[in-house]
Novice: 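Below is a structure I'd like to ask you about.
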Amino acid sequence: MTKARTVQRGRGFGIDIGGSGIKGAPVDLRAGSFAADRVRIPTPTPSTPEAVARVVGQIVRTFRRSSGRRPIGVTFPAVIQHGVARTAANVDKAWIGVDVDAVFTEELRRPVHVVNDADAAGLAEARYGAARGVSGIVIVCTLGTGIGTALLLDGRLVPNTELGHLEIDGMDAEVRAAESARERDDLSWEEWAKHVQRYFTVLEDLFWPDLFVVGGGVSKKHEKFLPLLHLRTPIVPASLRNGAGIVGAALLAAEIGDAHA
Ligand code: BGC
């Protein structure tokens, strides 16, 4: 579990690796926001470890003077166990078994800490955003190409929960309830909200959370679907939106670095 701390200072640097873009920015760790405009480079195809590492290097070099001295935090859309990718639901399968920390550390010649994308977003929401100060159990769900989840207990992260892959009604949950399902099947908000409703109902019956936070790109349009849900658990949009991954990864890497300093 990750230690919950209250205030961080100074600067960190975060990179968010997604299916279509790789984004990076220096992060003001006290405010939990970007310290400069982020840079985005399209994700290479195929998104092999070597190709992605080159882009990550390019982004960090853009900020040579402002990337700070701390370890760099990187999000990755897969289970990350002690720096190693264990799954690859929506990325190139060549990543499975790769020590992602080591690949990027070698490319950048400075320490890098890789974390699951939803875990990074969840940590950022717990520290700076919609779940700040909430005690008990919070589940942050990012609805995008897949469904990412972060489980927090009193602000501490339990990593790699992968609740987007719960089997619901005979199917991997993210196949029906991710934002990509709405686009793929050209669903109305009402039609898609039925799948989202089913998903969150299963989650609340299993975990009895105190709060759900919904992130991912679709959270910008939360007023289209959150009012259609009927849950016993309060459900709110993420407040850091798409910046949450970069901010959370930078925070985690800075805390790990400081703990070893
Ligand atoms: C992956 C998760 C990831 C989520 C969001 C899922 O398909 O298994 O690791 O967090 O997508 O990107």
Side-chain angles (χ1 to χ4, degrees), residues 2 14-24 40 42-43 45 47 49 52 56 73-101 104 113-126 129 131 138-152 157-168 171-185 192 195-196 199-200 202-203 207 212-220 237-238 240-249 251-253:
T2 308
I15 295 191
D16 188 24
I17 299 181
S20 59
I22 301 180
K23 295 145 265 175
R40 179 187 190 279
T43 306
T45 27
S47 53
V52 170
V56 165
V74 178
T75 77
F76 200 73
V79 169
I80 299 291
Q81 208 177 23
H82 311 299
V84 177
R86 296 293 184 197
T87 61
N90 294 308
V91 283
D92 200 285
K93 303 288 178 244
W95 283 98
I96 296 179
V98 169
D99 187 333
V100 192
D101 268 12
F104 293 162
H113 291 286
V114 181
V115 56
N116 170 267
D117 55 357
D119 281 345
L123 196 64
E125 289 296 334
V138 175
I139 299 181
V140 179
C141 284
T142 61
L143 305 178
T145 309
I147 295 182
T149 56
L151 176 65
L152 297 129
L157 178 69
V158 182
N160 293 315
T161 42
E162 292 291 315
L163 301 175
H165 297 297
L166 277 175
E167 186 180 317
I168 299 180
M171 221 183 245
D172 196 50
E174 71 176 22
V175 174
R176 286 196 181 112
E179 152 76 346
S180 57
R182 190 178 69 82
E183 289 167 356
R184 180 195 62 218
D185 298 339
W192 181 62
H195 298 304
V196 178
Y199 179 63
F200 281 107
V202 170
L203 280 191
F207 292 93
F212 283 126
V213 178
V214 181
V218 76
S219 64
K220 279 196 281 259
L240 281 88
R241 307 284 156 80
N242 274 340
I246 290 177
V247 171
L251 173 69
L252 191 64

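Note that ligands are numbered from 1 as they come in the structure, with each ligand's atoms numbered from 1 the same way.
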Novice: Show me, pair by pair, the donor-acceptor contacts under 3.5 angstrom made by side chains of residues 83-91, not counting sequence neighbours?
Specialist:
from: R86; atom 1: NE; to: Q81; atom 2: OE1; distance (Å): 3.2
from: T87; atom 1: OG1; to: V79; atom 2: N; distance (Å): 2.9

Novice: Could you tell me which non-hydrogen atom of N116 sits nearest to which non-hydrogen atom of P77, and how far apart they are?
Specialist: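 Answer, listing the atom of N116 first, then P77: ND2-C, 4.5 Å.
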Novice: R176: which residues meet the salt bridge (Lys or Arg N to Asp or Glu O under 4.0 Å) condition with it, sequence neighbours left out?
Specialist: none
Novice: Below 3.5 Å only, please: the N or O atoms of ligand 1 paired with protein N or O atoms, distance on each line.
Specialist:
from: ligand 1; atom 1: 7 (O); to: N90; atom 2: ND2; distance (Å): 3.0
from: ligand 1; atom 1: 7 (O); to: H165; atom 2: NE2; distance (Å): 3.3
from: ligand 1; atom 1: 7 (O); to: E174; atom 2: OE1; distance (Å): 2.9
from: ligand 1; atom 1: 7 (O); to: E174; atom 2: OE2; distance (Å): 3.2
from: ligand 1; atom 1: 8 (O); to: E162; atom 2: OE1; distance (Å): 2.6
from: ligand 1; atom 1: 8 (O); to: H165; atom 2: NE2; distance (Å): 2.7
from: ligand 1; atom 1: 9 (O); to: A78; atom 2: N; distance (Å): 3.4
from: ligand 1; atom 1: 9 (O); to: N116; atom 2: ND2; distance (Å): 3.0
from: ligand 1; atom 1: 9 (O); to: E162; atom 2: OE2; distance (Å): 2.5
from: ligand 1; atom 1: 10 (O); to: N116; atom 2: ND2; distance (Å): 3.1
from: ligand 1; atom 1: 10 (O); to: D117; atom 2: OD1; distance (Å): 2.5
from: ligand 1; atom 1: 12 (O); to: D117; atom 2: OD2; distance (Å): 2.6

Novice: What's the spacing between T142 OG1 and E179 CD if we round to 0.5 Å?
Specialist: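 So the OG1 of T142 and the CD of E179 are separated by 11.5 Å.
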Novice: Quick one: list whatever passes ring pair (Phe, Tyr, Trp, His ring centres under 6.0 Å) with F212, sequence neighbours left out.
Specialist: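 Scan of F212 (ring pair (Phe, Tyr, Trp, His ring centres under 6.0 Å), adjacent residues dropped) gives F200.
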Novice: When rounded to the nearest 0.5 angstrom, what distance separates CH2 in W192 from CZ in R184?
Specialist: 12.0 Å
